[in-house]
Number of protein chains: 2
Amino acid sequence: MKPRHPHRSEDCRAVSAVLQRVGDKWTVLVVSMLGDGPMRFNELRHAIGGISQKMLTTTLRNLERDGFVTRTVFPTIPPRVDYELTGLGRELLVPVTALGDWARANIDRINSARDRFDATAQP
Amino acid sequence: MKPRHPHRSEDCRAVSAVLQRVGDKWTVLVVSMLGDGPMRFNELRHAIGGISQKMLTTTLRNLERDGFVTRTVFPTIPPRVDYELTGLGRELLVPVTALGDWARANIDRINSARDRFDATAQP
DNA sequence: CCGTATCCGAGGTGATACTG
DNA sequence: CAGTATCACCTCGGATACGG
């Protein structure tokens, strides 16, 4: 008998929503950086490179909102803020890393498929 | 000695790019639908529900370009077009499904984290 | 039935400047 | 150092109409 994939609409939407959430421009980069341990704001900024201050702030706020990172403020002068993955964040890292590994392993196949397609297409 | 996570910039970007690609609004839904077997255009359209014709076309073109689906045209009247996952597409489904399962399993934790955050935030 | 063309609004992204 | 504020762009997504 067939496995009977459910494809319950609600579930698929939820999955899609999380994928979109994780698929935004900087989220995975930030999360994978934090996978090595807590980091400060500018530390992250430079480690990633190319991200604007605004987008790093936004990305971190959203990650904090979703319970993936904690934000710790040290009320010193100058101020210091540490970001660290929560348990949920580290769990998220597992399937994301799996997808990342797959991506690294198959990026060439994707690129050559893309080249083939573009070569066949009419300009 | 430490595992020495590489975090090579190029790799991270590539991963991020694939995540963004997969994270667009309809891609995972389409791919998971096709996971059950080949489908026609309107069959997909109705199975998904809520997707516009334009976006389904666009999504399928991009998936075809990246080598995740094949497009087969039957030159009948009225025309009939089948879409089917390629080997690469079915392989992609594996880590994506893993992430999807994680999402389903943890959606409640994310939502309650969100509620907590929003309750604490100032309006 | 399947796809393209066009227009439009909404939101994501970034550059810059300013504050505690 | 770690943000917020503002503005301007630009892509995405949807509605609609038309074509093969």
Side-chain angles (χ1 to χ4, degrees), chain A residues 12-13 16-31 33-34 38-66 69-84 117 120-123, chain B residues 12-13 16-31 33-34 38-66 69-84 117 120-123:
Chain A
C12 294
R13 301 308 166 130
S16 181
V18 172
L19 261 299
Q20 280 180 75
R21 176 69 192 72
V22 167
D24 76 353
K25 193 165 185 181
W26 301 106
T27 294
V28 273
L29 287 174
V30 171
V31 171
M33 289 299 171
L34 290 177
M39 292 178 90
R40 300 181 57 172
F41 188 87
N42 272 357
E43 205 177 349
L44 270 171
R45 188 151 158 50
H46 293 121
I48 293 174
I51 188 173
S52 66
Q53 200 170 30
K54 175 187 169 182
M55 288 315 297
L56 182 53
T57 301
T58 304
T59 302
L60 287 168
R61 281 294 173 285
N62 288 331
L63 286 172
E64 189 192 0
R65 186 169 111 97
D66 289 352
V69 308
T70 55
R71 180 173 179 272
T72 312
V73 180
F74 301 89
T76 57
I77 294 177
R80 170 197 173 113
V81 182
D82 273 22
Y83 292 92
E84 183 172 14
F117 185 91
T120 311
Q122 43 271 17
Chain B
C12 295
R13 301 309 165 131
S16 181
V18 173
L19 260 299
Q20 279 180 76
R21 176 68 192 73
V22 167
D24 76 354
K25 193 166 184 181
W26 300 106
T27 293
V28 273
L29 287 173
V30 171
V31 171
M33 290 298 172
L34 290 177
M39 292 179 91
R40 299 183 56 174
F41 187 87
N42 273 358
E43 204 178 347
L44 270 170
R45 189 153 158 49
H46 292 122
I48 293 173
I51 189 173
S52 66
Q53 198 171 32
K54 174 186 169 182
M55 288 316 297
L56 183 52
T57 302
T58 305
T59 302
L60 287 168
R61 281 294 173 285
N62 288 331
L63 286 172
E64 190 192 359
R65 186 170 112 96
D66 288 352
V69 308
T70 55
R71 179 170 179 271
T72 312
V73 180
F74 301 90
T76 57
I77 293 176
R80 170 196 172 113
V81 182
D82 273 22
Y83 293 92
E84 183 173 13
F117 186 91
T120 311
Q122 43 271 17

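For clarity, every value in this text was computed on a predicted model and none was experimentally measured.
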Distance below 4.0 Å between R71(A) side-chain N/O and dA2(D) OP1 or OP2:
no
When rounded to the nearest 0.5 angstrom, what is the spacing between CZ in F74(B) and CG in D82(B)?
4.5 Å
Considering only heavy atoms of chain A and a distance under 4.0 Å, specify the first and last nucleotide of DNA chain C in 5' to 3' order that meet this criterion.
dT13(C) to dG20(C)
What integer distance in Å separates K54(A):NZ from dC9(D):C1'?
11 Å
Spacing between D24(B) atom CG and dG13(D) atom C1', to the nearest angstrom
11 Å
Could you say whether I51(B) or N42(A) is positioned toward the 5' end of DNA chain D, judged by the nucleotide with the nearest heavy atom to each?
N42(A)
dC1(D) phosphate, OP1 or OP2: any side-chain N/O from R40(A) under 4.0 angstrom?
no
Let's go through L63(A) and R21(A) carefully: what are the C-alpha distance in whole Å and the side-chain angles of both, what is the deciding distance for side chain to side chain contact (heavy atoms under 4.5 Å, CB included) to 0.1 Å, and is it a yes or a no?
CA-CA 9 Å; L63(A) 286 172; R21(A) 176 69 192 72; 3.7 Å; yes
DNA chain C contacts made by residues 72-80 of chain B, counting heavy atoms under 4.0 Å:
P78(B), P79(B)
Separation between CG of L60(A) and CZ of R45(A), rounded to the nearest 0.5 Å:
11.5 Å
Working to the nearest 0.5 Å, report the span between NE2 of H46(A) and CE of M33(A).
13.0 Å
Using a 4.0 Å heavy-atom cut-off across all strands, classify R61(B) as base, sugar-phosphate, or nothing.
sugar-phosphate
Any chance you could measure N42(A), atom CG, to Q53(A), atom CD, to the nearest 0.5 Å?
7.0 Å
Strictly below 4.0 Å: does Y83(A) bring a side-chain N or O up to OP1 or OP2 of dG3(D)?
yes
Begin with the C-alpha distance, continue with both residues' side-chain angles, and end with the deciding distance and a verdict on side chain to side chain contact (heavy atoms under 4.5 Å, CB included) for F41(B) and T57(B).
CA-CA 8 Å; F41(B) 187 87; T57(B) 302; 3.6 Å; yes
Figure out the CD/P separation between Q53(B) and dT16(D), and round it to whole Å.
13 Å
Whole Å only: how far is the CD atom of E64(A) from the P atom of dG3(D)?
10 Å
Measure the spacing between CG of L44(A) and CZ of R40(A) and express it to the nearest 0.5 Å.
11.0 Å
Where is the tightest heavy-atom contact between T27(A) and V22(A), given as atom of each residue plus distance?
CB-O, 3.9 Å
To the nearest Å, how far apart are K25(A) NZ and dC10(D) C1'?
11 Å
If I take atom OG1 from residue T59(B) and atom CG from residue L29(B), how far apart are they, to the nearest 0.5 angstrom?
9.5 Å
